[in-house]
Amino acid sequence: MEPASYSTPLPPGPTALPLIGNVLQMPRSAPWERFREWNLKYGPVASFKVGTRTVIILGSRAVVHDLFEKRANIYSTRPRFIVASEYTLKGLPALLPYDKTWLALHRLETTVLNPRITPATFPIHSMAAKCLLYRMMGDLDGDLADHLHTYAGSVFSTLFYGTRMGSETTEDQRVMRTICVEPSKCISIEHWLVEMFPALEKVPAVAARCQRQGDALHGLFQRTFGSKLKAAKKCQSWNMFKHLSEQRPEGLDDRGFLMVITEMELAARTTGPLSLCLFAVMAALHPEEMRRVQDEIDRVVGSSRFPTFEDQSSLPYLQAFMTECQRLYPLVPPSFARATSRDDFYMGFRIPADAIIVPNQWAINMDAATYTNPKFFQPQRWLDDPSLPVPGMFGYGRRICPGRHLANTGLYIAMASLAWAFEFAKKPGLSVETGLVRSMLFCPQTDGVRVLLRSAAHGAVIKREWEAMDPDMSLHLAEIGSVLGTKTSI
Ligand code: HEM
């Protein structure tokens, strides 16, 4: 580590105005594009000011690795987000500083988000994929995004609460979708202003609005997840939330526990479906690439059965297509911000304690020195050079997404099944760029995607599998429970 000195300059960046800093240079949408410009101009570690706070933008994979992995003791905490951490999402583990409370809650979550259970979840994911195909086949002109959200809903309401496969209706998942969208307002650009000018919190009207929003959201979470949790505890089958409530650490009150449940619900129900929406949009926009994915699936799987997890290693082009989607359009383009827990000195610059650290994932994925023609959708690049660094879509270091194993499992089988069963055609005007960026999440719009069944043979398999399906998942859930070493009630 370089010698500490307070005269060491901050990383370079655009000239800041007194008081407001660089606020006027911040675009209202896609700020990660401006961050990239600054990284290109000032270097891979650049800084700017928003109000009184220092923001450090990291524009290269090597720098993110140095700081988030090698200096994890300094870079694993979160910034203090006034609106989100103290009002609307108070108690959500993802927003907590890196301290004993966070460690205890994180340990609790990883009790069930444990990679050891992955193979035991295969039957549940596969069954949900079958339901997805059956529902879509019967509603080809329907709302594609709805179906993709229902897929995630089926998987997670079975895993989290032990419900029968497919028992969650489209209406249930619409309600959940509305709930999931609400908190994203807490991280909108507008709210950042309050975060950057903490004095605004003292303005009575602002404080009252934050309080109202917080109370409303907490009320919603308590009602929704509180009653679902009650049902999970009574459920005969093993389920994740019953398991978690049995492992609940001493000192964690009902409200705190419910925020753990809320966090897992929000994460599970938003991220996966959005990745699937992106997959469908990219399939429609790049028919020639999708054709290659389907040729591969036809060779390996054929049309008389569904793709399975055993097929995964034989479908490298599908994997390349998925990875290229994630590189070009990362779900969380600037990734999630971190903060420094103390002063640090890096590359000759001072990174002050409490600085907000933004690992600009989108810029890293656009690095032309790593990815030739980075703006082009070229799945083949992953086969030509298997040593290419995979986009860090799940974050880094100690705060890396604990749900990544489950997420990858669900994405693979859903994407393989969708590509096996359907063609995705482009309606006039479809563009991935129109994908709405709701706060910091990229939300691809699927209205411009037309879905067609690939053949009558595929349709017959979907129907046959649906008719043979047993929606009772309790044996599979018991298997997950036994991997985790719990007694089960069946
Ligand atoms: C495609 C799917 C997903 C993506 C792209 C994704 C991405 C991310 C990212 C970028 C972070 C921040 C990591 C960091 O700060 O470095 C994160 C955190 C988190 N994710 Fe995910 N995630 C996904 C699915 C899931 C699922 C399915 C779950 C749970 C069932 C989950 C649970 C969490 C939790 C609890 C955190 C907070 C970690 C903390 O306490 O700081 N995620 N995720």
Side-chain angles (χ1 to χ4, degrees), residues 32 58 64-65 67-69 72 75-79 81 84-85 89 91-99 101-115 117-118 121 124-125 128 148 151-153 155-161 180 183 187 240-241 244 259-279 322-323 325-327 329-339 356-362 364-365 390-412 414-415 440-444:
W32 46 90
L58 311 180
V64 171
H65 179 75
L67 302 184
F68 285 14
E69 310 273 352
Y75 290 87
S76 295
T77 199
R78 297 280 186 211
F81 290 121
S85 329
L89 293 173
L92 200 79
L95 298 181
L96 292 178
Y98 187 80
D99 61 10
T101 308
W102 180 78
L103 277 168
L105 299 180
H106 183 69
R107 209 171 297 125
L108 182 66
E109 290 178 332
T110 51
T111 315
V112 288
L113 300 176
N114 182 324
I117 67 161
T118 305
T121 69
I124 292 171
H125 281 103
L148 301 175
Y151 163 73
V155 170
F156 286 104
S157 72
T158 299
L159 287 173
F160 288 168
Y161 304 102
C180 291
I187 47 170
M240 286 187 170
F241 288 167
L244 284 188
M259 287 314 278
V260 172
I261 304 289
T262 302
E263 165 164 285
M264 290 178 64
E265 275 277 18
L266 298 183
R269 286 184 183 261
T270 40
T271 49
L274 292 179
S275 302
L276 294 177
C277 289
L278 175 65
F279 178 78
M322 285 160 46
T323 311
C325 288
Q326 292 155 2
R327 184 192 68 79
Y329 295 103
L331 196 60
V332 196
S335 201
F336 286 140
R338 302 282 182 86
I356 296 172
I357 315 290
V358 178
N360 192 357
Q361 189 57 47
W362 180 77
I364 293 170
N365 295 354
V390 173
M393 70 185 254
F394 293 112
Y396 303 86
R398 294 183 191 168
R399 300 298 286 244
I400 193 169
C401 171
R404 63 196 182 283
H405 310 288
L406 268 185
N408 276 332
T409 305
L411 291 182
Y412 158 70
M415 290 182 189
M440 293 292 172
L441 276 187
F442 180 62
C443 306

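Every number for a ligand or one of its atoms is a count from 1 in the order of the listing.
Closest protein heavy atom to atom 12 (C) of ligand 1: F336 CD1, 2.8 Å. Summary of contacts: the protein heavy atom closest to atom 13 (C) of ligand 1 is R399 O, 3.1 Å. Looking from atom 24 (C) of ligand 1 to the surrounding protein, the closest heavy atom is T271 OG1, 3.2 Å. For atom 26 (C) of ligand 1, the closest non-hydrogen atom on the protein side is G403 CA, 3.8 Å. Counting only heavy atoms of the protein, atom 40 (O) of ligand 1 lies nearest to W102 NE1, 2.8 Å. Looking only at heavy atoms of the protein, atom 8 (C) of ligand 1 is closest to C401 CB, 3.6 Å. Among protein heavy atoms, atom 6 (C) of ligand 1 sits closest to F394 CD2, 3.6 Å. Among protein heavy atoms, the minimum distance from atom 36 (C) of ligand 1 is reached at P402 CD, 3.5 Å.
In this structure, CD1 on I261 lies 11.0 Å from CE on M240, to the nearest 0.5 angstrom. Note that the CZ atom of R78 and the CD1 atom of I357 stand 12.0 Å from one another [nearest 0.5 Å]. With rounding to the nearest 0.5 angstrom, the CG atom of L406 is 5.0 Å from the CD1 atom of I117. Put simply, CG on L331 and CG on L278 are 8.0 Å apart, with the number rounded to the nearest 0.5 Å. Separation of atoms OG1 (T77) and CZ (R399) is listed at 6.0 Å; rounding is to 0.5 Å. The distance from the CE atom of M259 to the CG atom of L105 is 11.0 Å, given to the nearest 0.5 Å.
Under a 4.0 angstrom heavy-atom cut-off, Q326 registers as lying outside contact with ligand 1.
E109 is listed as a side-chain neighbour of V260, based on a closest heavy-atom distance under 4.5 Å. P359 places none of its side-chain heavy atoms less than 4.5 Å from the side chain of H65.
Neither the backbone nor the side chain of L406 comes within contact range of ligand 1; no heavy atom lies under 4.0 Å. By the criterion of a heavy-atom distance under 4.0 Å, the side chain of S275, and not its backbone, is placed next to ligand 1. With a heavy-atom cut-off of 4.0 Å, L96 does not touch ligand 1 at all.
The backbone N or O of P391 lies less than 3.5 Å from no partner atom in the side chain of R327, so there is not a single donor-acceptor pair. Side chain of E263 to main chain of A94: a donor-acceptor pair is present (N/O by atom type, distance under 3.5 Å, no hydrogens or angles).
Every atom of ligand 1 with a heavy atom of G395 under 4.0 Å away is listed here by number and element: 10 (C), 13 (C), 14 (C), 16 (O). Using a 4.0 Å cut-off to heavy atoms of Y396, the atoms of ligand 1 that qualify are 16 (O). Atoms of ligand 1 lying under 4.0 Å from at least one heavy atom of L331, given by number and element, are 5 (C). Ligand-side atoms of ligand 1 in range of A407: 2 (C), 24 (C), range being under 4.0 angstrom from any heavy atom.
Where the criterion is an N or O separation shorter than 3.5 Å, residue side chain and backbone included, R78 meets it with respect to ligand 1. Polar contact check, R338 against ligand 1: a nitrogen or oxygen pair lies under 3.5 Å apart. Ligand 1 has no nitrogen or oxygen under 3.5 angstrom from a nitrogen or oxygen of R404.
Taking only non-hydrogen atoms, the option from R269, E109, M393, E263 nearest to atom 5 (C) of ligand 1 is M393. Closest heavy-atom approach to atom 32 (C) of ligand 1 within the set A267, P93, P391: this belongs to A267.
Judged by the 6.0 Å distance and 45° axis criteria, R338 is positioned over the aromatic ring of F68.
Relative ring orientation between W102 and Y98 is described as tilted, the plane-to-plane angle lying within the 30° to 60° band.
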Evaluate the side-chain contact (heavy atoms from CB on, under 4.5 Å) criterion for residues Q361 and Y396: first the C-alpha distance (whole Å), next the side-chain angles of each, then the deciding distance (0.1 Å), finally the verdict. CA-CA 11 Å; Q361 189 57 47; Y396 303 86; 2.4 Å; yes

